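As structure tokens, the structure follows; a few thoughts come after it.
The chains referred to below are lettered A, B, ... by the order of the sequence lines, with proteins before strands, and numbering in each begins at 1. Here the structure is a predicted model, which is why all the values come from computation and not from measurement.
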There are 2 protein chains.
Amino acid sequence: MATQTPDSPVAASAARDPERTRSEILAVATHEFADKGFAGARVDEIAAKTRTTKRMIYYYFGGKEGLYISVLEQAYTGIRALEQQVDVEHLDPAEAIRQLTALTFDHHESHPDFIRLVSIENIHRARHIARSEILAGLANPALDALTRILDRGRAAGRFRDDVDPIDVHMMISAFCVFRTANRYTFNAIFKRDMLDPARRDHYRTMIGDLVLEYLTASG
Amino acid sequence: MATQTPDSPVAASAARDPERTRSEILAVATHEFADKGFAGARVDEIAAKTRTTKRMIYYYFGGKEGLYISVLEQAYTGIRALEQQVDVEHLDPAEAIRQLTALTFDHHESHPDFIRLVSIENIHRARHIARSEILAGLANPALDALTRILDRGRAAGRFRDDVDPIDVHMMISAFCVFRTANRYTFNAIFKRDMLDPARRDHYRTMIGDLVLEYLTASG
DNA sequence: CAATGTATGTACTAGATAGTTAGTTATACT
DNA sequence: AGTATAACTAACTATCTAGTACATACATTG
């Protein structure tokens, strides 16, 4: 009785839910590609981990590469939506930099799959990102925020004036990405887990100090 | 006449040169793995690009994974040999930091294959490095040099004293690795090639400033 | 120079893998 | 109710790929 009421309005549930099918494939694929890379991931395995079949991957995404590109698109846009929430406009410039840095730090730490996808896409020389219309012109809200903060800091004579927003963003990213992306080889060689919770605050402060000392130096 | 003199002492040349066969396979494999990752690289293609056959890969390296591990071992030990050449002992500590930073910068820039192999190995969670006896206890000479420099700088009251050599090494690596490893996605999104020769000096100075400002700050 | 092990090449195979064919079932619309 | 279409399934296939069996040439050494 409780099985399949055809007219039940919400509980079309299990069968026939294109939205769910699509998003479930994407979610599983995100994890699989992040875990094993594009060549290492297996279409059959992705399908097996969903409640649908391989055919649906081809139905919705065209193929392995189409699926991978969709994964990248979703990951990047999801991240950007999160970054939109930066609200550091009315803070003291130095404090704003500190918060933006901490935000990037937290963000990268809590999205290892995204960091891994970025690494993987760099191995592919960003070939797929280039092919995606969505990702081609994807601005970075964190960069906009940063630009305004730097302008204010410079106007107030607090920051050095030979500073470029993209460069500052690069410094912050470099540190935060390295900590997550190179965790394993770094630990293998230096016997130090950069993601050890005991060292989290230390590194979180460190990257803030690093950037601020540079910005407030004479230049 | 010039073909195959069996007693010619050096020119056993083309045929029968195990040393050359082995090293040629390694060289080609290094490039292929760095280019396409472990799963993406093809044993047949590696073999085709050497003057020998696939059979020799299995003869000398046991299999694809054995070959990959050998590639990592060779790459890491080659790099370490280069790092040994750091001679910054008798310099002013600040100047020594600058030189060490520049050395890392130059090094990473001129060894993209190595950087790619490191990225790839991180995707594999350093599984293969862990399995290699050679790489397990591979110290980092750059780190030793750094430790002594920091000690001297601290003793002279020039560097902050809450500083840890591994952390400083991490800062330097983060920047230099990021610049090479994330070149493609960074360029795709920010339209800036971090390896543009026109910006090389700028970044080379920047990482030196960054580290030194941090080290000489109050702490 | 015989013999023994090292080095090398050719041809093959079993299994994996991306992608497809040919359909069936549910749902929305008229 | 009838029908068009979107969503879905199961089974199949061509090809690729890591790895191997087998045969053989070369070199070293007693």
To the nearest Å, how far apart are [X] [atom1] and [N] [atom2]?
{"X": "B/Phe38", "N": "D/dT17", "atom1": "CZ", "atom2": "P", "answer": "14 Å"}
{"X": "A/Tyr68", "N": "C/dT17", "atom1": "OH", "atom2": "P", "answer": "19 Å"}
{"X": "A/Arg22", "N": "D/dA7", "atom1": "CZ", "atom2": "P", "answer": "11 Å"}
{"X": "A/Phe61", "N": "C/dA18", "atom1": "CZ", "atom2": "P", "answer": "16 Å"}

Review point. Take atom CD in B/Glu19; do more than 12 heavy atoms of anything else shown fall under 6.0 Å from it?
Key: no

Could you tell me whether [X] and [Y] have a side-chain N and a carboxylate O separated by less than 4.0 Å?
{"X": "B/Arg199", "Y": "B/Asp193", "value": "no"}
{"X": "B/Arg200", "Y": "B/Glu109", "value": "yes"}
{"X": "A/Asp164", "Y": "B/Arg192", "value": "yes"}

**Request:** Output yes when at least one side-chain N/O atom of B/Tyr59 is less than 4.0 Å from OP1 or OP2 of C/dA7, else no.
**Result:**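 Yes, within the criterion.
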
Report yes if at least one side-chain N or O of A/Tyr58 is closer than 4.0 Å to OP1 or OP2 of D/dC8; otherwise report no.
->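 For D/dC8, neither OP1 nor OP2 has a side-chain N or O of A/Tyr58 closer than 4.0 Å.
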
Tightest non-hydrogen contact, residues B/Arg116 and B/Tyr184, listed as NH1-CE1, 4.0 Å

_Testing the basics here: between A/Ile207 and A/Ile172, what is the closest heavy-atom pair and its distance to 0.1 Å?_
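The pair with the smallest heavy-atom distance is CD1-CA, 4.2 Å.
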
- Query: Are B/Thr185 and A/Glu121 linked by a side-chain donor-acceptor pair shorter than 3.5 Å?
  - Reply: no

| query | Which of residues 124-135 of chain B have a heavy atom under 4.0 Å from DNA chain D? | reply |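 The answer is none.
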
Please list, in numerical order, the residues of residues 39-57 of chain B that have a heavy atom closer than 4.0 Å to any atom of DNA chain D.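 Under 4.0 Å from DNA chain D: B/Ala41, B/Arg42, B/Val43, B/Asp44, B/Lys54, B/Arg55.
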
Is there a donor-acceptor contact under 3.5 Å from the side chain of A/Glu32 to the main chain of A/Glu45? no

